[in-house]
2 protein chains.
Amino acid sequence: MDSRQRAIDATAALLWRQGLRATGINQIVEESKSPRGSIYFHFPGGKEELAAAALRSAGAVMTANIRGALAHRDVRTAVKRFVLSYAKEMRESDFQHGCPIATVALEAASASPAIREVCAGVFAEWDALLVARLERDGIRGKKARKLGAVILSALEGAMILCRTHRTTEPLEWVAEHLTATLTAAAAPR
Amino acid sequence: MDSRQRAIDATAALLWRQGLRATGINQIVEESKSPRGSIYFHFPGGKEELAAAALRSAGAVMTANIRGALAHRDVRTAVKRFVLSYAKEMRESDFQHGCPIATVALEAASASPAIREVCAGVFAEWDALLVARLERDGIRGKKARKLGAVILSALEGAMILCRTHRTTEPLEWVAEHLTATLTAAAAPR
DNA sequence: CGTCCGCTGGACCGATCGTTCCAGTCGTCG
DNA sequence: CGACGACTGGAACGATCGGTCCAGCGGACG
């Protein structure tokens, strides 16, 4: 793997755990074993450009995971497994692995419009995947768009609570709640 | 107001918008007009101790707001107004005012156990308020606890999406969804 | 084989970080 | 009124930040 890709991967991993401000170029150099010069050669825009690339990369990985999880033919099972897969990731990482971009998104909201927009794009991609899956199940138009945003909101919020409380309960309860909601939405009166 | 309180208030405001790492002691000194020496006199533990105090303070303000919003006799109206009040805050602050502790909570999850625990305590307080309100409406025990966590999750997640997308739609959709959920929960088949 | 260029390694920059220290000020109380 | 202790203002600390610069390595290609 070339030094460019190593830098992206290391940065994505560090942003995931620590966020933007806490992740220094020195730390990226150490962990990625990419020389400082190479990083600024590949990313002339410095930390901001590297972080943007790392977020897009991490977002794409997640997108693939979501796509896989949502492949199950029963929506309820799909969403449930999808949400609970994060609970597993939480447990296995000692509650360090929440959403790979949420921390950065919040930091960037006040600090970097460019990075904020990258995060917005990634969120939009996930949302589109969810909405498409809901529509495949007969939940149409605005209703699907609203429900997709609610699912993503509940997931993101639950991950904050899980990391803060060091429990997986919020994710489990959200999974349960969304299953019930989808049952009601798919078979309305 | 004494310098101690000014430091707490300024820090709370800065943490709200910028998070922990982005908020420097210099900035706190400038905005609060508390001298450097005073800050370290009142908070010998330095930035961490000051941040903890600021988070507790911000948490208490929010607790009061939640208590007020939840006073409405109809739970659905109460929760709806409660959630939509954040949408208002978002709009009026140009999407800078989300949850006053979420950003810090995520940053602290990997950086500072002490601050993480303060955040956990604040979240628990809000959650307890929600659960108590739900129980007042006949939603009992575990069901109330689960639903409380789901409401808080959806709210926190929606605020991330709102700040990142610079829209209030996620909060509005979550408000709508929770209203429907509460209707179903309060009057089960 | 010689040239060239993408890439590397590391020294170095000024700025800013959180923290320490202390002389000085001010109100209070003996 | 003198002394004391709570608090202030600011200088200064070493560490680390993101970023720049450049000599030189090494593989590809004429």
Side-chain angles (χ1 to χ4, degrees), chain A residues 1-55 57 103-104 106-116 118, chain B residues 1-55 57 103-104 106-116 118:
Chain A
M1 200 190 320
D2 63 354
S3 69
R4 184 189 144 89
Q5 194 57 46
R6 285 204 314 275
I8 289 179
D9 292 349
T11 305
L14 289 169
L15 293 182
W16 193 356
R17 274 175 274 142
Q18 317 182 118
L20 188 59
R21 298 285 301 224
T23 298
I25 296 284
N26 285 327
Q27 199 182 5
I28 294 171
V29 168
E30 283 169 26
E31 302 237 345
S32 69
K33 268 129 189 130
S34 303
R36 211 179 186 63
S38 304
I39 288 178
Y40 280 93
F41 174 80
H42 291 297
F43 306 95
K47 189 181 179 181
E48 196 172 40
E49 188 182 344
L50 174 54
L55 290 168
S57 167
T103 312
V104 178
L106 284 177
E107 290 180 280
S110 69
S112 165
I115 292 188
R116 184 193 54 74
V118 171
Chain B
M1 200 192 317
D2 63 355
S3 69
R4 184 190 144 90
Q5 194 56 47
R6 285 203 315 274
I8 290 179
D9 292 349
T11 304
L14 290 169
L15 292 182
W16 194 354
R17 275 176 273 144
Q18 319 182 118
L20 188 60
R21 298 286 299 227
T23 298
I25 296 284
N26 284 327
Q27 200 181 5
I28 294 171
V29 168
E30 282 169 27
E31 302 236 345
S32 69
K33 266 127 191 136
S34 301
R36 215 177 192 63
S38 305
I39 289 178
Y40 281 94
F41 174 80
H42 292 298
F43 306 94
K47 188 182 180 180
E48 195 172 41
E49 188 181 345
L50 174 55
L55 291 168
S57 167
T103 311
V104 179
L106 284 177
E107 290 180 278
S110 68
S112 166
I115 291 188
R116 185 193 56 75
V118 171

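Order of the sequence lines sets the chain letters (A, B, ...), proteins ahead of strands, with each chain counted from 1.
- With a 4.5 Å cut-off on side-chain heavy atoms, A/F41 and A/R4 do not count as touching.
- The main-chain N or O of B/L20 is found under 3.5 Å from a side-chain atom of B/K47 such that the two form a donor-acceptor pair.
- Of the possible donor and acceptor atoms, none in the side chain of A/S3 sits under 3.5 Å from a partner among the backbone N and O of A/S34.
- Among the protein residues, A/G37 comes within range of the nucleic acid bases, having at least one heavy atom under 4.0 Å from a base atom.
- OP1 or OP2 of C/dT8 sits under 4.0 Å from a side-chain N or O of A/H42.
- A donor-acceptor contact shorter than 3.5 Å links the side chain of B/T23 to the backbone of B/G19.
- Not one N or O on the side chain of A/S112 forms a donor-acceptor pair closer than 3.5 Å with the backbone of A/A108.
- If you take CZ of A/F43 and C1' of C/dC7, they are 14 Å apart, rounded to a whole angstrom.
- Residue A/S3 is classed as a sugar-phosphate contact, given heavy-atom separations below 4.0 Å to backbone atoms only.
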Between protein and nucleic acid, restricted to nucleotides 11-14 of chain C and to nitrogen or oxygen atoms under 3.5 Å apart, what atom pairs and distances do you find?
none

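- Of all nucleotides in DNA chain D having an atom under 4.0 Å from a heavy atom of chain A, the first and last in 5' to 3' order are D/dC17 to D/dT20.
- Panel note: side chain B/E107, backbone B/R21; a donor-acceptor pair is recorded below 3.5 Å.
- Following rounding to the nearest Å, B/E49 (CD) and C/dG18 (P) show an atom-to-atom distance of 16 Å.
- Between A/G46 and A/Y40, the closest heavy-atom pair is CA-CE2, 3.6 Å.
- No side-chain heavy atom of A/D2 sits under 4.5 Å from any side-chain heavy atom of A/H42.
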With 3.5 Å as the limit, what N/O pairs link the protein to nucleotides 15-17 of chain C?
residue	atom	partner	partner atom	Å
C/dC17	OP2	B/N26	ND2	2.9

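- For the pair A/N26 and A/R36, the minimum side-chain heavy-atom distance is below 4.5 Å.
- A side-chain donor-acceptor contact under 3.5 Å links B/S32 to the backbone of B/I28.
- A/R17 contributes no side-chain N or O that, together with a main-chain N or O of B/S110, makes up a donor-acceptor pair within less than 3.5 Å.
- Checking B/F41 against A/G45, the closest nucleotide of DNA chain D that is more toward the 5' end is the one next to B/F41.
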